[in-house]
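Reading through the structure tokens given below for one structure.
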Amino acid sequence: MVGAGVLGRSAAFALAAEAPEARVALAGDPVGAGASRAAGAMLGVLGEVTPASPGTPHGRFRLDLAARASVMWPAWRERVRDAAGAAALASDGWGAGTHVLLNAVSSRLDDAAFTAIPRPRTSTASPART
């Protein structure tokens with residue numbers, strides 16, 4: 001696997017589970033050194049919604065894919081935690097919800113995107129609340 005962050009490790013975990021005879025190696029900086037740190041706050045279902053998102057095929061696809069991933073997450077999390085056994089953290093923060101904050105120095109683009117977040121919830125499985 002190229003990358004040792006969240007996605008690289010997840011892909012390696014899934015490959016090793018499906019093909020135990022395969023040799024899986026990770027190549028990349030330690031977790032948190034690359035994209036995992038940068039994208040951590042943007043991986044929620046509604047983290048990158050813009051006013052145009054629901055109006056384009058690509059935007060609707062991304063929203064649908066993110067909503068599907070959020071539905072699949074609990075089972076994936078349990079699979080990883082089961083494999084980790086005693087090494088699994090007692091509390092990993094899951095279940096606390098996702099909070100999207102609008103900072104005090106935002107621009108009009110940020111304001112518009114923040115206002116657009118509740119709109120797609122009618123077409124996805126995401127329970128957005130304002």
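Keep in mind the model is a prediction, meaning the values are calculated, not measured. Below, all heavy atoms of this structure are taken into account, side chains as well, without hydrogens, waters or symmetry copies.
Scanning for side chain to side chain contact (heavy atoms under 4.5 Å, CB included) contacts around Leu65 gives Phe61, with sequence neighbours left out. Legend: residues meeting side chain to side chain donor-acceptor pair (under 3.5 Å) with Arg81, ordered by chain and number and at least two apart, are Asp92. Residues passing the side chain to side chain donor-acceptor pair (under 3.5 Å) test with Arg60: none are found, sequence neighbours excluded. Scored by the side chain to side chain contact (heavy atoms under 4.5 Å, CB included) test, Val80 finds Phe13, Trp76 as partners (sequence neighbours excluded).
Side-chain heavy-atom separations under 4.5 angstrom define the hydrophobic clusters, and Leu109 shares its cluster with no other residue.
Heavy-atom minimum distance, Leu26 versus Ala4: CB-CB, 4.2 Å.
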